[in-house]
Amino acid sequence: MLILPVIWGSYYVASQRLVGYTSVFTSGVGIRFLTMILLTVIMWRRKELALLFQIRGVWKRLLLIGTFGFLLDLTAFIGLSMSSAASGTALLKCDVLMVNILSIIIYKQKFTWKSWGFTFVMLFGVVLVMGIDLSSFQIGDPGNIFFLLSAFFVSLNAFVIKSVQLDKKNPVCDDVVAYYNNIVTMFYFTGTSFIMGTLGQLQLVFQEREVGLALLLAALGQTLIYVVYYYNLRNYPVWLVKTFLLLMPLVSTLITFVLFQERMILEQYLGMAVVMAGAFGILMEQKHL
């Protein structure tokens, strides 16, 4: 589970570099297209391609997973256009709290006060790592509604994915879920990019080496996210997987520090220590359950 935030953090850095050259929707098309090719190769090697047609009873949920995948990106993008990235980052991380609440409702999950405490400790550490100024945070900002919607879609999607993986009549393998999620999301991104007239930006992939490299790394990261994230969702509670994803900003910050020489301040180092302490506390709490 600890490797997931490393993969996701790396993907975040690569995709962030990519959207510096193209629109977010064009980047979405490119990333999902290359990911589709990589997933096809993986499924061919595993002799799973025939499973793509064995989706009776779950195909509606597979379409819903892809739809949620697009909506969580779209609402986050709208939020970023209306509010600050700092506020958005803080609110998007609230998905861990939404997942906890949904776990109580759906699975009747019971959390100890220590589990809640360590989760809030990690959230506080994330705020420190990302340098978010809580004094300037405005919950009434219209853009924040879209950030909360994005966090809600992320949370819901995790439960829908798990329901398809563990369906009583037709359980679907992780690669099939990933494939449909990716291709449905790709269609949405393609349609949106076509309407906005940004599809032509894809030619930059062949014209500029930096753009092509960023796209390749982002697609590789997206593929690994599908593989590792879905494995974790299948084998661990959704709330635990989401909690450990709070380590992702820590990974992203370290990568930008090492590769791009971005300066870090004392507050960020302190935040990293707080996040790690919270994660260790949750691990120890799980060990005693």
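In what follows, residues are counted from 1 in the order of the sequence shown.
Two residues are said to be in side-chain contact when any heavy atoms from C-beta on lie closer than 4.5 Å; F118 and F280 fail this criterion. You'll find the side chain of L247 stays beyond 4.5 Å of the side chain of V6, heavy atoms only. Contact annotation: the side chain of I31 approaches that of L215 to within less than 4.5 Å [non-hydrogen atoms, C-beta and beyond]. Taking 4.5 Å as the limit, some side-chain heavy atom of R234 sits within range of a side-chain heavy atom of D174. At a threshold of 4.5 Å between non-hydrogen side-chain atoms, the residues D167 and V172 do not count as touching. Between F159 and I106 the shortest side-chain heavy-atom distance falls below 4.5 Å. T192 has its side chain within reach of F70: a pair of non-hydrogen atoms, C-beta onward, lies under 4.5 Å apart. Between L52 and L49 the shortest side-chain heavy-atom distance falls below 4.5 Å.
A donor-acceptor pair shorter than 3.5 Å cannot be found between the side chains of S193 and T190. No side-chain donor-acceptor contact under 3.5 Å links S103 and Q109. Counted by atom type alone, Y179 and T40 present one or more donor-acceptor pairs between their side chains at under 3.5 Å.
Put simply, W239 and W116 are part of the same group of oily side chains (I, L, V, M, F, W, Y) that touch within less than 4.5 Å, one to the next. Cluster annotation: L39 is connected to W59 through the hydrophobic network of ILVMFWY side chains, with a link wherever side-chain heavy atoms come within less than 4.5 Å. Residues I37 and L220 fall within the same hydrophobic cluster, defined by Ile, Leu, Val, Met, Phe, Trp and Tyr side chains chained together at heavy-atom separations under 4.5 Å. Connection of V41 to L224 is not established within any shared hydrophobic cluster, with ILVMFWY side chains joined at heavy-atom distances below 4.5 Å, either directly or through further cluster members. Placement of Y231 and L4 in two distinct hydrophobic clusters is found when ILVMFWY residues are connected by side-chain heavy-atom separations under 4.5 Å, directly or transitively.
Contact detail for M98 and A151: the closest heavy-atom pair is SD-C, 3.7 Å. The shortest heavy-atom contact between A214 and R17 is CB-CB, 4.4 Å. V160 and R61 get closest at one heavy-atom pair: CG1-O, 3.9 Å. For the pair L233 and A158, the tightest heavy-atom approach, listed with the atom from each and the gap, is CD1-O, 4.2 Å. In plain terms, the two heavy atoms of T22 and S27 that are nearest each other are OG1-OG, 2.5 Å. Of all non-hydrogen atoms in Y21 and L204, the two that sit nearest each other are O-CD1, 3.6 Å.
Side chain of S23 to backbone of T198: no donor-acceptor contact under 3.5 angstrom is found. A donor-acceptor distance shorter than 3.5 angstrom exists from the side chain of K162 to the backbone of Y236, with no hydrogens or angles considered. Formation of a donor-acceptor pair under 3.5 Å by the T223 side chain with backbone atoms of L38 is not found in this model. N182 contributes a side-chain N or O that, together with a main-chain N or O of R32, makes up a donor-acceptor pair within less than 3.5 Å.
With side-chain heavy atoms closer than 4.5 Å counting as contact, directly or through intermediates, the hydrophobic cluster containing I105 also holds I101. Grouping Ile, Leu, Val, Met, Phe, Trp and Tyr residues whose side-chain heavy atoms lie under 4.5 Å apart, directly or via other members, places L213 in a hydrophobic cluster with L217.
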| request: Apply the test side-chain contact (heavy atoms from CB on, under 4.5 Å) to residues K242 and V154: give CA-CA distance (whole Å), side-chain angles for both, the deciding distance (0.1 Å), then the verdict. | output: CA-CA 10 Å; K242 286 296 183 181; V154 170; 2.9 Å; yes

| field | side-chain contact (heavy atoms from CB on, under 4.5 Å) evaluation trace for L123 with L97 | value | CA-CA 10 Å; L123 277 170; L97 301 179; 4.0 Å; yes

| task | Let me see the working for T35 and Y226 under side chain to side chain donor-acceptor pair (under 3.5 Å), right down to the final yes or no. | result | CA-CA 10 Å; T35 299; Y226 280 136; over 6 Å; no

| query | Does the side-chain contact (heavy atoms from CB on, under 4.5 Å) test come out yes or no for T67 and T185, once each step is laid out? | reply | CA-CA 6 Å; T67 301; T185 304; over 6 Å; no

| field | N170 and Q54: CA distance, side-chain angles, deciding distance, side chain to side chain donor-acceptor pair (under 3.5 Å) verdict | value | CA-CA 8 Å; N170 185 21; Q54 300 175 20; over 6 Å; no

| task | Dump the intermediate steps for side-chain contact (heavy atoms from CB on, under 4.5 Å) on V96 and L245, then the final yes or no. | result | CA-CA 9 Å; V96 68; L245 278 175; over 6 Å; no

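The distance from the CD atom of Q201 to the CD atom of Q207 is 11.5 Å, given to the nearest 0.5 Å. With values rounded to the nearest 0.5 angstrom, S155 atom OG is found 10.5 Å from L148 atom CG. Between D95 atom CG and T243 atom OG1 the span is 9.0 Å, to the nearest 0.5 Å.
Of the options F153, F152, Y188, a ring-ring contact (aromatic ring centres under 6.0 Å, His included) to F68 is made by F153 and by none of the others. Of the residues listed (N181, I225, D175), the one engaging Y230 in a side chain to side chain contact (heavy atoms under 4.5 Å, CB included) is N181, and it is the only one.
Ring orientation note: the planes of F189 and F25 are tilted relative to one another, at an angle of 30° to 60°.
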